[in-house]
Amino acid sequence: MPDSDSTPKYRYNARLAAQIEAKWQDRWESRRTFETPNPAGPLAEPAKIAGRKKLFILDMFPYPSGAGLHVGHPLGYIGTDVFGRFKRMTGFNVLHALGYDSFGLPAEQHAITTGVHPRENTEANITNMRRQLRRLGLAHDARRSVSTTDEAFYRWTQWIFLQVFNSWFDDERGAARPISELIAEFESGRRPTNGTTWKKMSPRERKQLVNDHRLAYLADAPVNWCPGLGTILANEEVTAEGRSDIGNYPVFKRNMRQWTMRITAYADRLLDDLDRLDWPESIKLMQRNWIGRSEGARVRFASPQGDIEVFTTRPDTLFGATFMVLSPEHPLVDALTMSAQQRAVSAYRAQAASTTDADRQSDTREKTGVFTGAHAVNPVTGKQVPVWIADYVLMGYGTGAIMAVPSGDERDFAFARKYDLPIVATQMPPDAWFASHGIAPSADCTTWPAAFVGEGVYINSRNDTSAASGGRGSNALVLDGITEMAVAKQRTNAWLEAHGAGSAAITYKLRDWLFSRQRYWGEPFPIVYDEDDMPVAVPDTLLPVTLPELSDFKPQALDPNDEVTDPIPPLARRADWVHTEMEVNDPLTGAKRARAKVRREINVMPQWAGSCWYELRYLDPTNTKTFSNADVERYWMGPQHDGHTGGVDLYVGGVEHAVLHLLYSRFWHKVLYDLGHVSSEEPFHRLFNQGYIQAYAYRDARGQTVPAADVQDRDGKHFYKGEAVSREYGKMGKSLKNIVTPDEMYDEFGADTFRLYEMSMGPLDQSRPWNTRDVIGMQRFLQRVWRNLVDEDSGELTVSETECPEPLLRALHVAIDGVQRDMEGMRFNTAIAKLIELNNALTKHVESSGATPRVVAVALTQMLSPLCPHLASELWERLGCEGEITYAQFPVADPKLLVTDTIEIPVQVNGKVRSRITVPREANQDALRAAALADAAVAKALDGKSPRNVVVVPGRLVNVVV
RNA sequence: GCCCGAGUGGCGAAAUGGCAGACGCGACGGACUCAAAAUCCGUUGCCUGGUAAGGGCGUGUGGGUUCGACUCCCACCUCGGGCACCA
């Protein structure tokens with residue numbers, strides 16, 4: 001909106017907004033308005049927190065991208081800022097800060113192509129992002145803005161890694177304990193040491209035994225090798241298509257020795273504690289699915305080459321297990337394969353090995369497999385069953401072998417039909433099942449078109465006549481006649497246990513977490529290898545282990561399809577850094593050792609490491625003695641009552657972190673809790689998923705995207721330079737040419753208008769399309785507010801000290817009441833609508849009387865303050881109010897002004913509104929009925945018919961039923 | 001395939017068992033202006049009726065519960081997200 005000569009000097013437009021906003025941003029900074037007092041530690045100001053409740057609100061840790069922000073990024077930040085500012089005005093001590101998750105691939109990729117050090121690039125990006133965010137007027141405590149790449153920060157990331165490294169999971173207690181306690185148990189013989197006694201073991205053997213129990217351990221494991229990125233990836237970072245989450249490069253399975261975190265030890269707690277969290281159900285569900293707990297049984301099938309153990313969730317169908325299927329990679333396959341089958345088995349295994357996981361798991365593929373020639377014994381029937389291998393059985397889940405029950409499992413059914421294997425029913429499906437398949441009820445599976453999965457009466461499920469029972473009838477397993485699956489499972493499990501053939505068991509889909517990355521721009525591990533090639537912690541006094549300087553950041557083997565070459569991490573190039581001397585503490589005794597040659601770990605940590613605990617560092621960012629003072633942590637994150645998990649009061653971010661970040665941080669937090677370093681059991685007590693701002697994009701006839709900003713709409717069609725273009729809808733991005741930046745919004749409207757527009761678009765948790773054209777509405781609103789309080793020509797206040805007329809005063813208090821409740825519930829869109837309504841009422845008053853009553857001006861300014869803090873601060877100052885509006889009390893509605901003597905209620909006839917009647921507020925049923933029936937419009941609608949029933953809801957409505 | 005979420009004016013949306021469409025955009029009409037922009041005022045779900053009074057229809061589709069359903073239940077359709085041979 002360019003100014004012209006006729007534009008009043010004090011009109012609230014982008015130019016004036018920019019002045020006001022810069023003024024207040026500078027003032028907040030110099031007055032240190034948003035610095036939040038701590039109860040203890042370096043930032044302690046105990047006097048300031050006395051008698052105030054606390055609130056810790058948190059935005060998901062941003063990566064400082066080189067592209068800068070677009071208008072979609074700040075949505076959550078504005079939301080938390082509005083909420084935090086509102087809570088400050090209701091007396092809370094609010095902790096709100098924003099730091100930077102600044103390690104990671106993009107800066108390193110940039111370094112590879114440009115030769116600019118990742119640190120330089122990262123810092124430039126952070127500076128730009130700080131500038132863009134400062135312009136938004138966020139009430140963040142700047143002292144707490146940490147970056148994961150700061151040595152003062154990653155010193156503690158390394159320290160936490162060592163806490164994990166130096167602990168083990170005690171299954172009996174279900175919690176982590178210091179590794180020294182495990183060593184003590186081994187030494188004393190209280191805990192068995194795999195055959196040889198502790199005393200007889202060599203130091204190397206002892207270290208290995210201990211290492212195998214650590215929560216952070218080295219493992220030769222099948223990993224996701226991504227040559228395109230030159231690194232391995234965690235399972236969670238690989239897409240369903242078998243490609244990298246970042247960069248979309250091919251990913252290959254291969255074995256490598258890697259740092260691994262024993263997150264599976266926490267599977268049950270990670271699952272169970274979800275019930276105590278205030279999170280969206282959908283996110284809880286995604287975590288539950290990811291953890292993938294299934295209850296069932298492990299069952300051993302005897303074979304000449306030893307027992308084959310399977311996991312099944314349906315032990316109750318064991319009588320129907322007519323064959324077994326092993327994964328092609330199963331270690332027993334070689335031994336089991338009969339010579340006649342050798343050739344077929346090898347061919348199948350080779351073929352399976354050359355197929356990617358993604359292809360193997362495509363469900364459109366027909367089932368394939370080969371017979372090994374071997375047989376095993378079904379423990380309940382005593383019968384020999386053939387052993388097959390097939391790639392639909394995965395080595396990575398359960399035991400890598402299954403008992404196939406074709407009558408009760410679709411996959412086994414398909415396999416049995418294809419290879420003509422026997423199918424025996426163990427449950428009689430209900431008649432409805434047969435009816436839905438269009439066949440007559442029969443226990444003969446040859447007539448079945450599919451497996452039956454569900455509750456049905458058990459049949460063919462008794463072994464009191466078979467060899468397996470050894471003739472001991474009373475020891476037999478009899479399921480026939482049972483109708484409930486749970487009962488049948490329980491009986492089978494008991495029988496298996498009594499006969500040493502198996503036991504109830506639980507498995508998880510969750511795998512341990514691969515923690516090594518063959519990169520440069522990450523936290524170095526605080527680990528060296530000793531003379532036994534065993535990992536040893538770098539002593540605390542030598543932390544942080546800083547990243548050595550490099551001139552070339554490129555990892556080796558960058559051909560995306562090169563799955564053979566081993567990764568060589570960039571740090572390996574600094575031989576002088578890798579091979580060093582150090583005084584370490586003995587990993588078994590803890591005693592200080594003499595200076596000796598060691599070799600450094602050359603992998604770095606994944607980007608998740610810093611984001612696993614950053615919220616704890618916000619609490620006490622400058623503490624050099626500990627990662628966070630214990631009293632400070634208890635104050636901000638401690639449990640609120642018995643059974644409360646503790647944690648951040650409100651965590652806002654996108655749903656894309658539902659599994660990765662949120663699961664990893666919960667795991668680290670629980671380890672810290674077990675070791676007594678934090679008082680909270682969970683990092684994030686309440687989670688809120690904000691929606692996304694998306695945008696329209698346009699393509700011309702050739703399919704090329706055209707700049708969305710230059711597209712014109714006419715009659716529901718879209719034109720670019722006169723040519724018709726087609727519209728699509730998607731994420732903001734360079735490729736769609738539909739980016740709108742906050743900077744453009746600041747220039748055109750100002751930060752307050754931008755904030756208001758983002759909050760008014762809809763509920764915070766819903767995604768919506770950006771539409772620059774709509775922003776003007778919020779600017780007009782602020783312009784009207786300004787004009788109601790300030791003369792546009794003279795800049796003088798137009799506020800009167802005269803009494804406010806009652807209708808306007810009532811409108812004010814109705815607005816206060818509604819806005820207060822909407823703010824509390826984070827329904828900022830409806831809060832804004834109520835403020836607009838109030839201002840529209842005020843405008844009518846000003847049109848007739850020429851001035852705004854002071855009481856309305858003050859309260860309106862206060863209510864606007866969380867949403868438009870710059871404008872509100874300016875008006876607050878002009879109104880001559882004391883102190884900073886940031887800490888002024890939010891207005892409180894007078895209940896007396898919310899109720900009226902008479903109310904208008906609708907009268908329905910047969911559910912359709914036909915009239916409205918005005919009645920005293922406390923009118924009772926009889927009075928309402930009489931008033932409604934006496935109404936002329938109602939009489940007309942009744943058309944002479946007499947009411948059959950009259951429903952009266954006092955205070956709400958009357959419904960006359962004819 | 002399985003699981004979860006969402007479908008309301010031209011558009012963003014509001015109403016969570018009780019007056020459907022608050023509020024904003026856009027559109028249309030008007031004021032100001034030489035004119036335009038900006039700003040201000042008014043109208044605006046659809047159909048019908050005379051540009052009136054009035055009437056009818058209407059929250060993805062079909063059914064159900066209820067005096068009353070955008071809201072609760074069942075089935076289906078469409079879109080979005082997650083998982084995917086998990087034994």
Side-chain angles (χ1 to χ4, degrees), chain A residues 1-4 6-8 11 13 240 280-286 288-290 292 294 296 310-314 317 325 327 358 360-365 367 390-394 396-405 408-412 414-415 507-509 655-656 658-659 713 715-716 729 756-757 760-763 765-778 780-781 783-784 787 792 827 829-837 840 843 847 904-916 940 947-953 955-962:
Chain A
M1 304 324 105
D3 293 359
S4 70
S6 59
T7 305
R11 169 160 292 175
N13 52 21
E281 269 314 309
S282 59
I283 302 290
K284 290 189 184 184
L285 196 75
M286 280 161 73
R288 286 192 190 108
N289 289 342
W290 192 264
S294 15
V310 301
F311 174 76
T312 175
T313 54
R314 295 292 303 276
T317 61
V325 186
S327 155
R360 251 176 87 164
Q361 297 189 5
S362 148
D363 59 359
T364 52
R365 280 174 78 228
K367 299 253 171 314
D391 63 7
Y392 79 91
V393 177
L394 309 172
Y397 184 78
T399 63
I402 62 160
M403 60 178 218
V405 183
D409 182 284
E410 284 301 341
R411 295 156 299 174
D412 299 345
F415 194 81
T507 55
Y508 303 88
K509 220 169 79 180
V655 70
E656 72 272 21
V659 186
D713 290 6
D715 311 324
Y729 182 57
L756 202 57
Y757 173 64
S760 71
M761 293 167 81
D765 58 358
Q766 265 172 44
S767 295
R768 50 312 240 324
W770 176 267
N771 210 338
T772 302
R773 210 172 51 177
D774 291 352
V775 181
I776 189 72
M778 291 302 116
R780 285 183 194 146
F781 163 54
Q783 225 162 46
R784 284 192 279 254
R787 190 162 40 227
E792 285 192 325
R827 295 181 297 270
N829 54 330
T830 50
I832 291 167
K834 285 168 183 136
L835 288 169
I836 293 172
E837 282 180 290
N840 290 346
T843 304
E847 274 170 11
E904 191 190 71
I905 66 165
V907 182
Q908 300 178 335
V909 176
N910 283 343
K912 282 188 193 302
V913 177
R914 294 298 176 184
S915 182
R916 295 180 174 82
K940 188 181 172 237
R948 191 157 54 98
N949 185 18
V950 181
V951 180
V952 181
V953 186
R956 302 295 304 196
L957 97 171
V958 179
N959 186 12
V960 182
V961 186
V962 182

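Every value quoted in this text rests on a predicted model; they were computed, and no experiment measured them. A note on names: the letters A, B, ... follow the listed sequences, proteins ahead of strands, and every chain is numbered from 1.
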Distances for protein N/O vs nucleotides 66-74 of chain B N/O pairs under 3.5 angstrom?
from: C67(B); atom 1: O2'; to: Asn959(A); atom 2: ND2; distance (Å): 3.2
from: C67(B); atom 1: O2; to: Asn959(A); atom 2: ND2; distance (Å): 2.8

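- Contact between the side-chain N/O atoms of Arg411(A) and the OP1/OP2 oxygens of C86(B) is found at a separation under 4.0 Å.
- Across all strands shown, C34(B) remains unpaired; no Watson-Crick or G-U wobble contact has both distances below 3.5 Å.
- Searching all strands for a Watson-Crick or G-U wobble partner of A6(B) with both distances below 3.5 Å returns U78(B).
- Proximity of Asn829(A) to the phosphate of G12(B): no side-chain N or O atom is located under 4.0 Å from OP1 or OP2.
- In this structure, Ser767(A) and Ser294(A) both approach RNA chain B, and ranking their closest nucleotides by distance from the 5' end singles out Ser767(A).
- Base-pair partner of G1(B): C83(B) (Watson-Crick or G-U wobble, both distances under 3.5 Å).
- When all heavy atoms of Asn959(A) and Gly911(A) are compared, the pair lying nearest together is OD1-N, 3.1 Å.
- Of the nucleotides present, G45(B) is the one that pairs with C57(B) by Watson-Crick or G-U wobble criteria, both distances under 3.5 Å.
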Just the atom pairs and distances: protein N or O near nucleotides 40-43 of chain B's N or O, under 3.5 Å.
from: C40(B); atom 1: OP1; to: Arg784(A); atom 2: NH1; distance (Å): 3.4
from: C40(B); atom 1: OP1; to: Arg787(A); atom 2: NH2; distance (Å): 3.0
from: G42(B); atom 1: OP1; to: Lys844(A); atom 2: NZ; distance (Å): 3.2

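- For the pair Lys367(A) and Tyr392(A), the cation-pi criterion (under 6.0 Å, within 45° of the ring axis) is fulfilled.
- One cannot find a donor-acceptor pair under 3.5 Å joining the base of C23(B) and the side-chain atoms of Lys834(A).
- Asp765(A) places its CG atom 17 Å from the P atom of G12(B), with the value rounded to the nearest Å.
- Among the nucleotides G26(B), C19(B), C85(B), the one closest to any side-chain atom of Tyr392(A) is C85(B).
- Pairing partner, G24(B): C11(B), with both Watson-Crick or wobble hydrogen-bond distances short of 3.5 Å.
- Note that CD of Gln783(A) and CE of Met778(A) are 12.5 Å apart. Values are rounded to the nearest 0.5 Å.
- Of all the heavy atoms in Phe415(A) and Ala390(A), the pair that sits closest is CE1-CB, 3.7 Å.
- Of all nucleotides present, none satisfies the Watson-Crick or G-U wobble test against A52(B) with each distance under 3.5 Å.
- The pair Glu281(A)-Lys284(A) meets the salt-bridge criterion, since a charged nitrogen lies less than 4.0 angstrom from a carboxylate oxygen.
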